[in-house]
Amino acid sequence: HLPEVVVMPANTEEVAAVMKIANEFDVPVTPRSAGTSVSCGAVPVCGGIVLLMERMDKILELNKEGMYMVVEAGARTLEIQEYANKEGFLYAGDPCSADSCLIGGNLATNAGGNKAVRYGTTRDQVHEIEFVSPTGEIIEVGARLKKCSTGYCLEQLVMGSEGTLGIITKATLKLLPLCPYKFDLVAVFTDPDKAIDLIDEAASRLNMSSMREYEEALRDKKEALENVQEEKENAVAAGDMDYAVELHKEEEKLSLELR
């Protein structure tokens, strides 16, 4: 299935102009993000126009106080994650094709991924979106609010509609504080049921309160280690080697606890 025309818009206004022309002459339009989808959602089965969104790739804003970022639909998901991480934040949307997919495709398909069980799918990471309707109107839906209980949740309707209700051109994404510590865990099970049951058990035990206590304990140990290291250096400089040896043993103990 080949299109008659491939258009690469540079901004929302150009997307709107294309949609108005296509609507006037009854030409089918297939929006295409990075094309990583295994469901062939970007294949132009009716021909017409393929709207390639790769040029709209800007990260427009990252607001630290409001903990959000504004991106165009063609921004690469991995670059969004890296940009947020660099500023001390986490963008929790993490589809398995994050290194190559674009955020517009994630929004249009409501992509899941590795962190979906913990943080939700792509639609759970979004405050508001801008999209172009099939008749070419530019529409903004959603709100940059923690509580938004007024009217229809139209942004949730558009996300996951795979371009059938409109073409997403911009989004305001939610950010979370980046966890200062992380570790990898390998668990070996002899029974599949035990592996499945572990998820519910872990979720019930590792609540947010216990995680905060865990992070605070790690932070305290790290500060204690830094104090011991500084005190050891002072003891060595003062020639008190017996005390320096004691501090060295304490340093090793704290280092092991932090691993």
Side-chain angles (χ1 to χ4, degrees), residues 1-19 22 28-62 68-86 89-116 119-134 138 142 155-156 158-175:
H1 301 280
L2 294 175
E4 279 68 42
V5 181
V6 175
V7 181
M8 300 176 65
N11 52 55
T12 303
E13 289 70 25
E14 291 185 3
V15 175
V18 170
M19 293 307 298
V29 177
T30 303
R32 179 183 175 91
S33 195
T36 59
S37 172
V38 297
S39 61
C40 301
V43 176
V45 292
C46 298
I49 299 171
V50 162
L51 206 58
L52 193 58
M53 305 297 290
E54 291 183 347
R55 289 180 65 196
M56 298 178 61
D57 61 353
K58 297 181 183 65
I59 296 175
L60 301 172
E61 179 187 1
L62 189 150
Y68 66 86
M69 62 193 306
V70 183
V71 300
E72 291 185 323
R76 200 164 299 279
T77 306
L78 180 62
E79 293 176 2
I80 291 172
Q81 293 171 332
E82 291 176 343
Y83 192 91
N85 292 166
K86 183 177 67 175
F89 294 99
L90 169 70
Y91 169 65
D94 189 31
C96 295
S97 56
D99 58 337
S100 55
C101 63
L102 308 183
I103 190 67
N106 299 170
L107 296 164
T109 60
N110 186 32
N114 300 319
K115 296 187 176 77
Y119 297 105
T121 58
T122 298
R123 63 161 36 106
D124 298 302
Q125 322 305 328
V126 179
H127 281 303
E128 55 189 353
I129 60 172
E130 174 190 85
F131 72 100
V132 176
S133 73
I138 299 173
E155 74 280 7
Q156 297 294 327
V158 174
M159 288 186 287
S161 66
E162 300 193 24
T164 57
L165 299 178
I167 300 171
I168 297 170
T169 54
K170 191 186 300 181
T172 301
L173 307 176
K174 301 175 184 177
L175 299 177

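Both backbone and side-chain heavy atoms feed into the values below; hydrogens, waters and symmetry mates do not.
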*Assess whether side-chain contact (heavy atoms from CB on, under 4.5 Å) is satisfied between I138 and E13, documenting all intermediate values.*
CA-CA 8 Å; I138 299 173; E13 289 70 25; 4.2 Å; yes

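- With D94 contributing its side chain and N114 its backbone, the two residues share no donor-acceptor pair below 3.5 Å.
- Contact record, V45 with H1: O-ND1, 3.5 Å, taken as the closest heavy-atom pair.
- Side-chain contact between F89 and L62 is present, with heavy atoms from C-beta onward closer than 4.5 Å.
- Counting only distance, with no hydrogens or angles, the side chain of R123 and the backbone of N110 share no donor-acceptor pair below 3.5 Å.
- Atom CG of L52 is separated from atom OG1 of T30 by 12.0 Å, given to the nearest 0.5 angstrom.
- Annotation: the span from I129 atom CD1 to L173 atom CG amounts to 11.0 Å, rounded to 0.5 Å.
- Residues P95 and A111 come closest through the heavy atom pair CB-CB, 4.0 Å.
- Proximity of a side-chain donor or acceptor of Q125 to a complementary backbone N or O of Y119 within less than 3.5 Å is detected.
- Taking every heavy atom of both residues into account, C101 and A34 meet most closely at CA-CB, 3.9 Å.
- In terms of heavy-atom proximity, A108 sits nearest to G163 at CB-N, 4.5 Å.
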*Hey, mind stepping through V18 and V132 against side-chain contact (heavy atoms from CB on, under 4.5 Å) and telling me if it holds?*
CA-CA 10 Å; V18 170; V132 176; over 6 Å; no

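- Side-chain polar atoms of N106 and T77 form a donor-acceptor pair below 3.5 angstrom.
- For the pair T122 (side chain) and G93 (backbone), a donor-acceptor distance under 3.5 Å is absent.
- The CD1 atom of I168 sits 10.5 Å away from atom CD of E162, with the distance rounded to the nearest 0.5 Å.
- For the pair A73 and M53, the tightest heavy-atom approach, listed with the atom from each and the gap, is CB-CE, 4.3 Å.
- The nearest pair of heavy atoms linking A84 to Y91 is CB-N, 4.1 Å.
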*What do the steps show when you test E61 against T172 for side-chain contact (heavy atoms from CB on, under 4.5 Å), and what is the final call?*
CA-CA 9 Å; E61 179 187 1; T172 301; over 6 Å; no

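- Note that NZ of K170 is 13.5 Å distant from CG of L107, once rounded to the nearest 0.5 Å.
- Distance NZ/K174 to CE/M69: 15.0 Å, rounded to 0.5 Å.
- Within the 3.5 Å criterion, the main-chain N or O of T169 finds no donor-acceptor partner in the side chain of E130.
- A 4.5 Å side-chain heavy-atom check between M56 and T12 finds at least one atom pair inside the cut-off.
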*Can you check side-chain contact (heavy atoms from CB on, under 4.5 Å) on V7 and E14, steps first, answer last?*
CA-CA 10 Å; V7 181; E14 291 185 3; over 6 Å; no

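- Atom-to-atom distance recorded for R76:CZ and D57:CG is 8.5 Å, nearest 0.5 angstrom.
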